[in-house]
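Okay, so here's the structure we're looking at.
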Amino acid sequence: MATTEDRQQTPASKKNGAARMALRYGPFLVAAALIGGAIAVFGGGGDDDDASSGGGGGGGAVVTDEDQLIRSGPMTPQRAELEGKTDVDFGPNCDTETEKIKLPMVYAPPCVVPFEGDNGGATTPGVTGDEILVIRYETDPARDPLFAAQIAASGAEVNPETAQQTAEDYVDIYQKVFETYGRTVKVVPFIGSGAGDDAEAARADALAIGDMKPFAVIGGPSRQGPVFASALAAEGVICLGTCPVAVPDSIAKDNSPYIFNNGQTPNQAAALAAEAIGKLAGPGKAELAGDEALQAKDRVYAVVHYDTPDGDQEEVHESLLSELDSYGIKPAVDIKFFLDLNRMQENVRTWVAQMEDAGVTTVIFTGDPLTPAALTKEATAQGFRPEWILGQNVLADQALFGRTFDQEQWVHGFGIGLNTSRGEEETGDPFHIYDWAYDARPPNNTYNIIEPPLRLLYIGIHLAGEKLTPETFRDGLFRYPPTGGGATDPQISRGEHGVWPSIDYGGTDDAALIWYDADEPGVDEVGKDGVGLYRYAKMGQRYTLGHLPDSFEEAGLFDEASSVTIFKTIPAEDVPPDYPPPDL
């Protein structure tokens with residue numbers, strides 16, 4: 001095997017002094033989560049069959065018995081049922097039919113009995129009787145100018161005032177509808193001291209944040225998630241959502257209960273990718289290649305995969321190769337790359353030549369959303385038109401980035417869609433929640449990145465109970481039952497629910513199958529009109545591990561009639577209940 005190293009009018013938000021000082025950096029945090037966070041960690045990993053946590057976290061044993069976990073938490077409908085209680089009053093904010101709080105989204109958590117009395121005061125650093133301190137990490141674009149330029153080109157709205165306002169407005173909504181046991185979440189910005197790929201700056205920032213004694217951090221250095229998350233864990237600070245970006249299972253496990261990804265862990269995404277590739281593009285003719293001569297040849301594979309200089313990705317990559325081998329797939333070329341925007345053009349030129357020399361017909365790409373643009377354009381320049389398969393990735397499955405890839409090349413392949421099928425803008429949860437509360441659109445178009453980690457924070461607090469610590473927060477997230485699974489709402493769970501073969505520190509459980517339609521017009525994920533959208537097979541049907549289809553026909557791949565790009569009307573199972581908005 002050859003190897004290459006390589007709003008309309010919106011409500012005024014209450015901003016503290018520190019937030020005002022950092023406003024100019026706000027949009028970079030959001031856009032970095034959109035793009036920089038996509039240069040994610042697709043490696044590390046490990047065999048997480050142990051039911052205990054250890055390492056830097058020191059969080060003690062993880063409760064894996066679901067009934068025991070529910071019984072140990074706040075009173076919910078699930079706990080009441082286990083204990084045979086039928087007269088529990090869950091208060092006016094509980095929908096007794098769904099047994100969830102009156103939040104108009106599929107992901108509303110179970111009701112809890114409204115809190116009254118003394119919450120016990122301070123329980124852990126960052127938590128007092130009145131307040132929960134959360135840091136919102138922001139990167140200084142002046143320290144990463146080339147990367148900042150890539151962000152500016154994405155179409156993400158760069159407006160510091162509206163980015164900060166959007167985050168604060170979501171906090172105001174969730175403070176009203178979630179149970180926080182007498183405490184108010186306070187979000188304070190922190191400006192990073194280095195570029196997104198500076199490991200030493202990431203460690204120094206984690207130490208500085210540790211001195212601030214917060215409960216949790218949202219956001220982080222875009223390309224040093226493992227370093228930053230592990231250093232925060234050593235300080236006893238939770239790294240949440242867009243903070244770790246995509247930290248591998250082993251790091252999350254070893255630092256439990258301090259690291260929680262927004263989406264799947266890289267290990268989980270790799271397992272789904274290997275199953276999809278093995279079942280749908282195993283040994284056989286390269287029928288989807290853009291070159292007719294290649295279509296007649298037996299598949300010869302190359303894997304192009306992102307890594308870091310520290311080799312954070314190697315273990316997951318080896319796991320992917322092992323899984324592919326079980327389907328008879330043995331790549332002839334293995335190209336490992338580090339994200340270096342200055343040398344990208346030089347690198348892709350070498351990769352394409354190497355793949356052509358090896359007779360590659362089929363390229364499996366696992367990594368970021370920026371590299372495929374350069375890679376596919378160079379392939380065209382060299383007359384190389386293979387099959388393209390999109391494996392585990394962050395945001396490369398979004399039209400926002402697919403439009404930057406060589407359009408003729410990208411239609412000759414398929415992949416896993418970790419993100420969901422899309423509905424019209426107003427049907428997405430973050431937009432819908434904001435419009436529901438304020439009767440207005442969010443003031444910044446990156447609301448899809450701003451809102452989810454805040455919701456994750458509130459769900460953990462809501463289901464933790466009045467004694468809030470990192471351990472009870474983890475248990476709160478683990479109590480949340482598997483929810484979703486529709487085409488526009490992926491299944492989400494954490495903990496031990498039988499979805500994965502080991503304890504789940506990720507979020508999303510499933511994936512769709514997708515291909516790119518270069519001729520389809522529509523808006524992208526930040527509302528920008530254009531041509532080129534991903535098609536979701538079988539109307540966006542999603543699959544958990546072990547349940548992907550066995551053939552192209554069963555999968556519905558490249559069958560436009562049974563596919564969807566953007567739902568005009570979202571599926572019935574994804575339609576949320578309707579409730580009166582909170583009094584803000």
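Treat the numbers as computed from the prediction; the structure is a model and nothing was measured. Values below: every heavy atom of this structure, side chains too, minus hydrogens, waters and symmetry copies. Starting from 1, each residue takes its place in the sequence as its number.
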State whether a side-chain donor-acceptor pair under 3.5 Å links [X] with [Y].
{"X": "Thr472", "Y": "Asp475", "value": "no"}
{"X": "Asp130", "Y": "Thr128", "value": "no"}
{"X": "Asn261", "Y": "Tyr505", "value": "no"}

Should the pair Phe478 and Phe260 be assigned to parallel (<30°), tilted (30 to 60°) or perpendicular (>60°) ring geometry?
-> perpendicular
Residue pair Glu471, Arg474: steps toward the salt bridge (charged side-chain N to carboxylate O under 4.0 Å, His left out) verdict | CA-CA 5 Å; Glu471 291 79 10; Arg474 172 195 63 199; over 6 Å; no
Less than 4.5 Å apart, side chain to side chain, heavy atoms only: is that true for [X] and [Y]?
{"X": "Leu133", "Y": "Phe215", "result": "no"}
{"X": "Glu323", "Y": "Leu320", "result": "no"}
{"X": "Val303", "Y": "Ile335", "result": "no"}
{"X": "Trp351", "Y": "Leu375", "result": "yes"}
{"X": "Ile416", "Y": "Leu390", "result": "no"}

Test side chain to side chain donor-acceptor pair (under 3.5 Å) applied to Gln491 and Thr483, Asp510, Asp509, the passing residue = Asp509
What are the two closest heavy atoms between [X] and [Y], and how far apart are they?
{"X": "Tyr181", "Y": "Ile461", "result": "CE1-O, 3.3 Å"}
{"X": "Gly282", "Y": "Ile329", "result": "CA-CD1, 4.1 Å"}
{"X": "Met344", "Y": "Leu339", "result": "CE-CD1, 3.8 Å"}
{"X": "Pro110", "Y": "Pro77", "result": "CB-CD, 4.5 Å"}

Under the ring pair (Phe, Tyr, Trp, His ring centres under 6.0 Å) criterion, do Trp388 and Phe414 qualify, and how do the steps go?
-> CA-CA 7 Å; Trp388 295 94; Phe414 76 97; over 10 Å; no
Quick one: do Gln175 and Thr180 satisfy side-chain hydrogen bond (donor to acceptor under 3.5 Å, both in side chains)? Show the steps, please.
-> CA-CA 7 Å; Gln175 197 64 42; Thr180 58; 3.0 Å; yes
Taking only residues two or more places apart in sequence, or in another chain, which ones meet Phe178 in a ring pair (Phe, Tyr, Trp, His ring centres under 6.0 Å)?
-> Tyr174, Tyr458, His462
How long is the span from the CG atom in Asn267 to the CG atom in Asp504, to the nearest 0.5 Å?
-> 10.5 Å
CZ (Arg143) and CG (Asp197) are apart, to the nearest 0.5 Å, by 13.0 Å
salt_bridge(Arg183, Glu466) N-O dist < 4.0 Å = no
So, are Glu81 and Arg79 salt-bridged, with charged N and O less than 4.0 Å apart?
-> no
Do side-chain atoms of Asn255 reach the backbone of Ile251 as a donor and acceptor pair under 3.5 angstrom?
-> yes
Between Ser72 and Arg479, is a side-chain hydrogen bond (donor to acceptor under 3.5 Å, both in side chains) present by the stated rule, with each step listed?
-> CA-CA 10 Å; Ser72 67; Arg479 289 184 187 105; 3.0 Å; yes
Is the distance between the ring centroids of Tyr137 and Phe228 less than 6.0 Å?
-> yes
